[in-house]
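What follows is a single structure, written as structure tokens, with notes after it.
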Amino acid sequence: MLALDIHDLTMRFDGLDAPVLAIDRLHVKAGSRVAVTGASGSGKSTLVHLLTGLERPKAGSIRWGGSDLGRLSTGRRDAFRARNIGLVMQDFHLFPGLSALENVLLPVRLGWRMTPDMRKRALALLDITGIARAGQPVETLSRGEMQRVAVARALLLKPSVIIADEPTASLDRRAGEDVSALLVRLAGEEGATLIVVTHDPALLTRLDRHIHLDGGRIVEDVRGEAAR
Amino acid sequence: MIGFILADLRRFKGGALAVVVLIALSLALSVTVTLQERALRLGSARAAEKFDLVVGAAGSETQLALSAVFLQPAPLPLMSGSVLADLASDPRVAFAAPVGFGDSASGHPVVGTTTALIEALSPKLAQGALFAHLGDAVVGSDVGMPIGGQIKPMHGDGESGGPVHTELAYTVRGRMAPTGTAWDRAILVPIRAVWQLHGMHGGGDDHDEDDDDHHPDDEGAQAGDATAAGPVAGAAQDKAPGLADAGGDRDHEGHAHHHHGHVDGNAPIDEHFDAQTPGIPAVLVKPRTIADAYKLRQHYRGDTTLAIFPAEVLTRLYATLGDARSLLLAIAIATQGIVLAAVLMVTIMHVGARQRQIGALRAFGAPRYSVVAIVWGELILLFLLGAVLGVALGYAAARLISGSVAARTAVHMPIEFAPQDLRLLLGFLLASMLISLLPALLALRHSPAQALRA
Ligand SMILES: Nc1ncnc2c1ncn2[C@@H]1O[C@H](COP(=O)(O)OP(=O)(O)O)[C@@H](O)[C@H]1O
Ligand SMILES: [Mg+2]
């Protein structure tokens, strides 16, 4: 469980005058569940990439607990993300040709962190997420099942933080609701800080803080209204 | 890791297969060139090793070696028969065997010689016995004629369709064990029979007037006699001037034969040679010691005679052929270079097309080195498969070529790997390992964030 502290963050891309993202101050308590909303192009995905260390900010600091992502090398940011952050993306990013179980285990296998316990946990997570056959090739799953496999993968290493970028946007309503419920429930059970970019009302109602972005700036930050 | 690589390769089966085949074919080319060149060298060295020293009339050393070792049909100049007599009685010589070329039967060269050479080529016969009469023959292991079979020699190499010698048909008496040389395809007959067929008699004159009038005879008789399937020994006797004379020859050890173009197949062979011996193209000599070999070669290198170590002549010949091999090998290696470049290009394009997947691997927690290892490992696996397949293909092709050469010439060309081949293969693998690093490292240049946006 990690708290987030952002100070004077600006993110620019070459060729763009205005910063894509500019956040003076943001604090997210450890274990809280935060929604990020905003129009297309408002900088939500950029924020996700910065929070996960996939990109480095041009200025300012992004702290998870004690580590400032902006000051870590690429390799260390990769390692930090692998260790602490579970990531769920809109379009799953599962690897065809591998089974559901193999997909869940792939990151640890490639990082040589595979243990027998890990396999047990992966099977348990697949069970919880409702994947009946762990050995099923992932390309034969429904889209809803695919995203649930992705959720199981994100949770495998008991991350302190779970970050999702529009996890239900490419699912139908039923599947979206399943994934929303699962994501929020599991984050709660694991005690992970949850940050979700979404416009899905079904998911928004389950989150207890809503941050609204516009032109890369936080224009609204509403707490405590959801889930009540 | 391996599981992921295999799953990935399964997804790109077609492309992976094409790359493997490309690598295999390019490698097979070098393997075949290398193996075949070695086979040629080893094969002819082995074919030559039975013939320590060859003495012939002054002329081309190469031609003499090729004729003696490979029985290559070529008109060799004749040298005086006294050379054979001298060699036969020389204390430095273990044996000296004359060889007389020029006839053939069913595409097999008919070589006149002595039993000493047969004993040297095949210390134990596979079948039958050595020849004892002028009409006897011993065949090489690859000659498909049964013991007791009749052989009608034909003047020339058989392809030009020269006149058939009707004066004598040989009877197969024995078969040599395989020697792995061109002699496996040869039909060996007593040298004196060859001389007599060609109207050459003792007395020093190589080509007496008989030679001139016997060929027209042959041609005239050909139509009738070539088709005659009757007992040929009888036919020969019919043609002999007198039956009593022929019978008498069997009993005494006479050197001089008085047949003119007619040969008595039942006459016993005579393997003593004197100064009156007719001219011969070559004598195969087995010196007693290595020192003797050098002395003999020195002695018979002169204005009228030529003495060679066939193995040495062939080695010199292959040294000049070596340039051709270098060229072939250079072409083969250049082909490998082109293939490597093509594979590299395909891989870089492939990696570029899969940026998204590779970026995602990193985004979801795979360390950078594992991404490098995957791309590198996939390529190395393809290279290894290609190498194994290429060596197998190259080996098979070399075997095929050697097989067809052996079928045509009976010269056994052994396909063998040598330690330096391993160096070549390791060099290839090392090069492919280094080259594979390039796309692997390129895979890291793409930002995973960009990959996820795509
Ligand atoms: N690599 C980049 N180079 C230039 N501009 C970029 C790059 N990535 C994103 N942008 C721009 O940044 C802005 C924010 O993008 P993004 O964070 O993806 O928005 P959202 O996820 O809210 O739709 C967009 O205008 C987009 O075009
Ligand atoms: Mg986005």
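Naming: A, B, ... by sequence-line order, numbering from 1 per chain.
Other residues, nucleotides and ligands place no more than 12 heavy atoms under 6.0 Å from the CZ atom of A/R119. The number of heavy-atom neighbours closer than 6.0 Å to CZ of B/R354, taken from other residues, nucleotides and ligands shown, is above 12. The number of heavy atoms from other shown groups lying within 6.0 Å of CZ (A/R113) is above 12. In B/M349, the CE atom is not crowded: 12 or fewer heavy atoms of neighbouring residues, nucleotides or ligands sit closer than 6.0 Å.
B/R453 places no side-chain N or O within 3.5 Å of a backbone atom of A/S45 that could act as its donor or acceptor partner.
Considering only heavy-atom pairs separated by less than 4.5 Å from chain B, the leading option among A/I85, A/D91, A/V108 is A/D91. Residue with the most contacts toward chain B among A/M114, A/R81, A/E102, A/R109: A/R81 (heavy-atom pairs, distance under 4.5 Å).
Of the inter-residue distances, the one linking A/T52 atom OG1 with B/L452 atom CG reads 8.0 Å to the nearest 0.5 angstrom.
A/D165 does not touch chain B: none of its heavy atoms, backbone or side chain, sits under 4.5 Å away. Neither the backbone nor the side chain of A/R83 comes within contact range of chain B; no heavy atom of the residue lies under 4.5 Å from a heavy atom of that chain. In this structure, chain A has a heavy atom under 4.5 Å from the side chain of B/R11, while its backbone stays farther away. If you measure heavy-atom distances from A/F92 to chain B, the contacts under 4.5 Å come from the backbone alone.
Using non-hydrogen atoms only and a strict 4.5 Å limit, the part of residues 53-65 of chain A facing chain B consists of A/L54, A/E55.
Side-chain contact between A/L106 and B/L361 is present, with heavy atoms from C-beta onward closer than 4.5 Å.
Residues B/A7 and A/G97 share a closest heavy-atom pair of CB-O, 3.9 Å.
By the 30° and 60° cut-offs, the orientation of the rings of A/H93 relative to B/F364 is tilted.
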